[in-house]
Amino acid sequence: MKIAVFSTHQYDQDFFNEFNPGHEITYFVLPLNEQTVALTQGFNAICIFVNDTVNAAILQKLHDNGVRLIVLRCAGFNNVDIKTATALGMPVLRVPAYSPEAVAEHALALILTLNRKTHKAYNRVREGNFSLEKLMGFNLHNRKVAVIGTGNIGKAFCHILKGFGCHVSAYDIYPDAGLQAQGIVYGTLEETLADADIISLHCPLMDSTRHMINAQTLALFKKGAMLINTSRGGLINTVDVIESLKNCHLGYLGLDVYEQEANLFFNDYSEDVIQDELITRLISFPNVLITSHQGFFTREAMEQIATITFANIDAFVKGEELLNRVN
Ligand code: NAD
């Protein structure tokens, strides 16, 4: 197969080169969009990541250029117009589960850092400041944590929380019987949000979940609660969350994803003037911690992403059942 791989960094190329069974791969640093779709002429397949845009017009151009397969090297597929891909007869394959523990552990890292302020302590001690003023946190033991979406990642996160001695409640349109047997209590979204000290989002971004965290649902939160999002930025209405932080209702915010991240994340803008007023406002809060979509970024997850992506491509080439097909 001739495969065009978009939005690549050196680390993507290293893992793909290690696991490539012999396909002809061309790496593009650029994302796939209206401007770059012309580069796909002569390729059989494209491989994309979380912030590549694959709308109806781009799909039509991909098809005209001879592309017959869309391969996502991630779990979420909210950035692909699945209906149009299906109508054009182009299978969309993804990596449904690759080390869910990688993302679950990152959600925990955000919680522990926000709570115990280790990022601030690190900087203080490096400057010879050994004061504990304003570093006080709280015990996770016995805290109430709400998990929204208990699929692969949410489930791994529940298991970690149980180890910390947290009381875990959950909301999912399909409750998990195994988790219920382990003492995890499911409720409605409203009940689950209202009862928690920490809320962590692990459901996919779809029309039905877009901006599920908004002014109305934030008003249900306990005052001072912590919100963690390692799923997709669009689950949160950023303007509403900023308002809640300004009113000191939301107590902490930990984000690994951000609705407008496509224009920022994975790149170095340290010498540029950032024009996005929402992210600069978020960065200005002392109780907000942002990482740039690195939940997946462990050696184990990168190996699995490469292995499963090539298994998906090989199944297509051999005409086998496409187990990880989205459409
Ligand atoms: P999954 O499909 O295994 O689980 C998703 C769960 O959400 C399912 O149990 C599903 O029933 C539930 N769900 C669906 N609609 C819902 C709704 N309206 N309300 C509540 N729950 C709902 O997916 P996963 O592997 O656990 O991944 C979850 C999300 O994490 C992905 O969609 C992706 O966006 C994100 N993700 C982020 C990173 C990262 O690096 N930060 C990496 C991988 C995945």
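Atoms within a ligand are numbered from 1 in the order they appear, just like the ligands themselves. For clarity, every value in this text was computed on a predicted model and none was experimentally measured. Only heavy atoms go into these numbers, but all of them, side chains included; no hydrogens, no water, no symmetry mates.
Under a 3.5 Å cut-off, the side chain of N20 and the backbone N or O of N17 do not form any donor-acceptor pair. Side-chain N or O atoms of H63 include none that pairs as donor or acceptor with a backbone N or O of M90 at under 3.5 Å. At distances below 3.5 Å, at least one donor-acceptor pair connects side-chain atoms of N229 with backbone N or O atoms of S231.
Atoms of ligand 1 found under 4.0 Å from any heavy atom of Y174, numbered from 1 in the order shown, are 11 (O). The contact set between ligand 1 and G295, taken as ligand atoms under 4.0 Å from a residue heavy atom, comprises 40 (O).
For P96, the closest heavy-atom approach to ligand 1 falls below 4.0 Å. Judged by the shortest distance from any of its heavy atoms, T150 lies inside the 4.0 Å radius around the atoms of ligand 1. Under a 4.0 angstrom heavy-atom cut-off, M206 registers as being in contact with ligand 1. No heavy atom of A97 sits closer than 4.0 Å to any atom of ligand 1.
Aromatic ring pairs are classed by plane angle as parallel below 30°, tilted from 30° to 60° and perpendicular above 60°; the pair Y252 and F138 is perpendicular. Using cut-offs of 30° and 60° on the angle between ring planes, the pair Y27 and F16 is perpendicular.
Side chains of H23 and D314 form a contact here, defined as non-hydrogen atoms less than 4.5 Å apart.
Among protein heavy atoms, the minimum distance from atom 12 (C) of ligand 1 is reached at D172 OD2, 3.2 Å. Counting protein heavy atoms only, atom 23 (O) of ligand 1 is closest to N152 N, 4.5 Å. R232 NH1, 3.6 Å is the protein heavy atom nearest to atom 33 (C) of ligand 1. Scanning all protein heavy atoms for the shortest distance to atom 26 (O) of ligand 1 gives I153 N, 2.8 Å. Looking only at protein heavy atoms, the nearest one to atom 40 (O) of ligand 1 is F296 N, 3.0 Å. The nearest heavy-atom contact from the protein to atom 14 (C) of ligand 1 is P204 CD, 3.6 Å.
With a 4.0 Å heavy-atom cut-off, ligand 1 is reached by the side chain of H293 but not by its N, CA, C or O.
A donor atom on one side chain and an acceptor atom on the other are not found under 3.5 Å apart for N312 and T309. Remark: the D176 side chain and the T150 side chain contain no N/O donor-acceptor pair separated by less than 3.5 Å. Between the side chains of Q10 and D14, at least one donor-acceptor pair of N or O atoms lies under 3.5 Å.
In terms of N/O distances under 3.5 Å, ligand 1 is not approached by Y98. Checking only distances, T209 never comes within under 3.5 Å of ligand 1, N or O to N or O. Looking at T230 next to ligand 1, an N or O pair under 3.5 Å apart turns up. Remark: ligand 1 and M212 share no N or O pair separated by less than 3.5 Å (distance only, no angle test). At a 3.5 angstrom cut-off on N or O pairs, V103 does not count as close to ligand 1. For the pair Y171 and ligand 1, the shortest N or O to N or O distance does not fall below 3.5 Å. When only interatomic distances are considered, the shortest N/O to N/O separation between D256 and ligand 1 falls below 3.5 Å.
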Checklist entry - Can you check side-chain contact (heavy atoms from CB on, under 4.5 Å) on L282 and Y258, steps first, answer last? => result CA-CA 10 Å; L282 282 174; Y258 167 62; 4.2 Å; yes
Item to check | side-chain contact (heavy atoms from CB on, under 4.5 Å) evaluation trace for L201 with L227 | outcome: CA-CA 8 Å; L201 307 180; L227 174 63; 4.2 Å; yes
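Residue T36 forms a side-chain contact (heavy atoms from CB on, under 4.5 Å) with just one option from I58, L30, T53, and that option is L30.
Counting protein heavy atoms under 4.0 angstrom from atom 21 (N) of ligand 1 gives one or more. Under the 4.0 Å distance rule, the nearest protein heavy atom to atom 7 (O) of ligand 1 falls inside the cut-off.
The existence of a salt bridge linking R281 and E277 is excluded, since no basic side-chain nitrogen approaches an acidic carboxylate oxygen closer than 4.0 Å.
Closest heavy-atom approach to atom 30 (O) of ligand 1 within the set G151, A75, S231, G149: this belongs to S231. Considering only non-hydrogen atoms, atom 28 (C) of ligand 1 lies nearest to H202 out of Q294, H202, R94.
For the pair F266 and H293, the tightest heavy-atom approach, listed with the atom from each and the gap, is CE2-O, 3.4 Å.
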